[in-house]
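Reviewing the structure listed below.
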Amino acid sequence: MEPGRGLVLLLAAALWVEAPPPAGATPADTLPPHSVVLMIPDGAGPAAVGLARLVAARPLALDGILTGAIRTRSASSHITDSAAGGTAMATGHRVPNGVLAADSAGRPLGGLIEAAAARGLATGIVTTAAVTDATPAAFTAHLANRHREDDVAAQQMTLRLDVLLGGGRERFLPAGAGGRRADGRDLLAEARSGGIHVASTRDELLRAAATPLLGLFAADDLELELDREPEVQPSLLEMTETALRLLGSAAHGFLLVVEGAHPDDAAHDHDPAALAREMEAFDRTVAAVLDFARQDGHTLVVVAPDHETGGLALGRRAGDTDARGLRPEALLGARASVWRMADSILAGADPVRIARWGTGVTDLSADETRALRRARGRDALLEALSDLESRRALVAWGTGWHTAVDVGLWAWGPGSGRFRGLLDNTDVARQVAGLLRLDLAAETARLRGGEAALPRR
């Protein structure tokens with residue numbers, strides 16, 4: 001046995017022992033899967049799911065596979081950011097906020113994607129954010145600072161996933177070619193010369209027929225569903241279906257991570273209409289993944305948010321009125337996100353006209369009209385526009401950031417019995433690793449090599 005190999009095996013065994021199957025799991029639920037799809041609705045707490053169900057006026061695909069809840073926290077706070085939250089689910093380790101898959105000394109932590117590739121599984125990441133944003137970066141890079149997105153992109157190219165789809169093209173190109181990389185590298189040219197297929201349009205995505213595939217469909221994040229032009233930018237559903245089509249025939253199975261990033265953005269902006277639309281789009285993607293898994297018969301589907309955002313409350317006493325109900329139907333007329341409306345107003349459009357068109361609210365009060373006309377700057381506009389929708393729907397917001405609220409946990413397929421009850425966010429990685437027989441400790445040892453710490457700036 002190689003020196004240190006025994007310690008690695010003991011560490012790997014310890015990871016699996018720490019998270020046994022919950023009591024009451026049936027044998028079929030605990031059989032190992034051939035493949036896993038891990039889906040992350042970023043920032044989606046229980047109220048976001050409930051709001052989507054009410055606005056859609058129908059059951060959600062999620063409703064039939066609810067299995068438990070997840071405690072979300074980081075090593076530095078009861079309230080996690082997306083970097084630490086993603087790292088917990090990618091590596092099984094708790095790290096401080098802002099850190100991507102690295103320990104307190106700056107040393108890399110092996111993750112699910114690397115361990116899956118080492119075992120011969122195909123790997124993929126799909127996101128509606130930039131692929132270099134915190135959640136996908138936690139699965140594909142090791143940095144002490146999540147904001148070093150140029151370095152994330154470079155590490156992703158070294159990792160060479162089979163499928164990587166989302167936004168963030170500017171982090172792969174130098175300034176002279178429409179990007180913002182400071183080192184002058186053209187990672188897309190490097191990818192093409194290395195045999196990676198590169199897609200930049202929706203049509204190219206839908207025609208993709210081979211891996212490895214890198215699809216970057218926006219300079220930064222993709223648009224929110226309320227703002228997305230369907231013929232220009234692909235949806236989360238289209239990207240996920242393409243990934244399943246390309247990965248589904250992998251001989252040794254696959255691991256696919258799918259992030260719906262925009263529930264978090266909508267909740268940060270206190271935009272209830274955009275949040276409901278994002279959750280509906282994510283749920284349609286869940287339904288498609290479940291259809292694939294049922295036909296395949298050997299795929300585990302796990303849905304796990306990284307945290308809750310916004311402190312959404314489904315109920316609000318608006319002013320002096322005795323409001324005891326909820327009016328989700330008030331959100332049905334929205335045509336644009338509050339962020340997009342603010343963009344238009346800041347560009348010179350009349351704020352009242354834009355608010356009426358974008359929110360679908362036509363009965364603006366005198367106070368609301370004054371607030372819109374007096375708003376200076378994006379933050380004031382977002383507050384005024386959000387208030388129009390939130391007051392009429394009778395929803396409220398507790399914070400502009402994340403919360404420590406326990407989030408939902410959903411699972412279906414072989415191995416789903418391991419995702420029942422109240423789990424820690426680190427349990428997600430540990431259970432997936434155990435089911436797929438992935439050696440996270442061995443990947444950590446391989447990555448560390450000479451034990452060199454990662455730079456912090």
Going by an N to O cut-off under 4.0 Å, is there a salt bridge joining [X] and [Y]?
X: Arg94; Y: Asp424; value: yes
X: Asp427; Y: Arg418; value: no
X: Arg71; Y: Asp406; value: no
X: Asp186; Y: Arg181; value: no
X: Arg171; Y: Asp220; value: no
X: Arg340; Y: Glu223; value: yes
X: Arg353; Y: Asp350; value: no
X: Glu225; Y: Arg228; value: yes
X: Asp387; Y: Arg392; value: no

### Min side-chain heavy-atom separation Ser200-Arg169 under 4.5 Å
yes

### Query
Quick one: which of Val37, Val301, Leu244 gives a side chain to side chain contact (heavy atoms under 4.5 Å, CB included) with Phe292?
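Answer after filtering Val37, Val301, Leu244: Leu244.
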
### Query
Around Glu383, counting heavy atoms of other residues, nucleotides and ligands shown, do more than 12 lie under 6.0 Å from its CD?
no

Over all heavy atoms of both residues, which pair between [X] and [Y] is shortest? Give the atoms and the distance, please.
X: Glu259; Y: Leu236; value: O-CD1, 3.7 Å
X: Leu112; Y: Leu440; value: N-CD2, 3.8 Å
X: Arg420; Y: Leu409; value: N-CD2, 4.5 Å

### Query
Stepwise, does the ring pair (Phe, Tyr, Trp, His ring centres under 6.0 Å) test hold for His252 with His34?
CA-CA 7 Å; His252 300 290; His34 188 62; 7.9 Å; no

### Query
Got a second to check how far Leu164's CG is from Met157's CE, nearest 0.5 Å?
6.0 Å

